[in-house]
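Notes for the one structure printed next.
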Amino acid sequence: MKMNELAKQPPKSEKDNSQGYYRPHYQIEEQEGETVVWVELPGVAKDDLNLTLEKRDLILVAGASNHRPESWKVLHRESADRTYRLRLHLGNYLDCEAIEADMQNGVLALTLPKAEAVKPRKIKIK
Amino acid sequence: MILCPWHETGIKKGKTITLTKEEIMKLVKYRNPLRKFDLWSDFDRFFDLSPHSFSRIGSILDWGTQSEQPALDLYADESNYYIQVEIPGYDRKEIEVELERDRLVLKGSRQSTRDGVESEVTFHRSVTLPENVNAKAIGARYKNGILTVTVPKTEAEKARRIDVKN
């Protein structure tokens, strides 16, 4: 349920309808104290990644900087030059202030800690 | 990819059959002769990219693992050929680049956790190299989820290219 809430896309604004954006593959993993989102961004270097938070919407824009020298002649091509864009609506149960992002081997790991209020709490029995 | 018409395969229609590897290859390797001068198929023949569908047959049979078919690009400049494969999420040590005679095999395997279940994810692509390469000097590099294999051309091939002027 919560996963759906997180992945739910807000109504598309006109800007989102512009052509040329590619929605990357992503995977959500619920862990005890946090939610981790893995986003596949092949060819994207750390510097080409742009993450912004608009209220509770996390917006990712990344250009694949798989820059090849101009001297490379294409013989056969299956990949495409892409600008990745992903918009994730963060549920109230997540702490938007404490998002961590880590980029490794073309995969972005977004760690979203759960808000203190929803974390399971042990209650001491007197 | 174009499948061979039934009547040309010698396989009888409507019967349950078990195809041998050769028969499958016969099916998937067929190309429409009308597309003979198509640029793409020419390169395909030149480098003989392994057919996607064939590996997919393999992945159906192999239940335990999830097989990926990453996008593969071929480039060239004056000195080298370049092969690029998009394989995000692998560690350098999980990738293997092997040369089997003239066939360059790119493969790898990694562990993936999905919904708490561990599974193995693999990829496999191969390319037959042209003759004019220095196979001993092949180099590979993995960065930002992209594997780039550099295959140097032979000195003779480099020298063969002569600019034609007016």
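Only a predicted model underlies this, so the values are computations on that prediction, with no experimental measurement involved. Naming: A, B, ... by sequence-line order, numbering from 1 per chain.
A:V61 and A:V39 fall into different hydrophobic clusters, defined by Ile, Leu, Val, Met, Phe, Trp and Tyr side-chain heavy atoms under 4.5 Å apart, directly or through other members. With hydrophobic clusters built from ILVMFWY side chains whose heavy atoms lie under 4.5 angstrom apart, A:L90 shares a cluster with A:Y93. The hydrophobic clustering, which links ILVMFWY residues whose side-chain heavy atoms are closer than 4.5 Å, places A:L41 and A:V107 apart. Hydrophobic clustering (side-chain heavy atoms under 4.5 Å, transitive across Ile, Leu, Val, Met, Phe, Trp, Tyr) keeps B:L147 apart from B:V105.
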For B:Y82 and A:R68, what are the C-alpha separation, side-chain angles and deciding distance, and is it a side-chain hydrogen bond (donor to acceptor under 3.5 Å, both in side chains)? CA-CA 10 Å; B:Y82 304 94; A:R68 285 164 296 271; over 6 Å; no
Under the side-chain contact (heavy atoms from CB on, under 4.5 Å) criterion, do A:R77 and B:Y75 qualify, and how do the steps go? CA-CA 8 Å; A:R77 189 103 199 259; B:Y75 304 93; 3.0 Å; yes
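Take A:E100 and apply the side chain to side chain donor-acceptor pair (under 3.5 Å) test, not counting sequence neighbours, and it matches no residue.
Rounding to the nearest 0.5 Å places OG of A:S79 at 7.5 Å from CD of B:Q84.
Environment of CD in B:E98: crowded, with over 12 heavy atoms of neighbouring residues, nucleotides or ligands closer than 6.0 Å.
Across every non-hydrogen atom of B:D91 and A:N105, the tightest pair is CA-ND2, 3.9 Å. Taking both residues in full, the closest heavy atoms of A:L75 and B:A76 are given as CD1-CB, 3.9 Å, listed atom of the first, atom of the second, then distance.
Counting only distance, with no hydrogens or angles, the side chain of B:D77 and the backbone of A:W72 share no donor-acceptor pair below 3.5 Å. Using a distance-only test at 3.5 Å, with no hydrogens or angles considered, a donor-acceptor pair links the side chain of A:E78 to the main chain of B:L72. When atom types are taken as modelled, the side chain of B:N144 and the backbone of A:G106 share no donor-acceptor pair closer than 3.5 angstrom.
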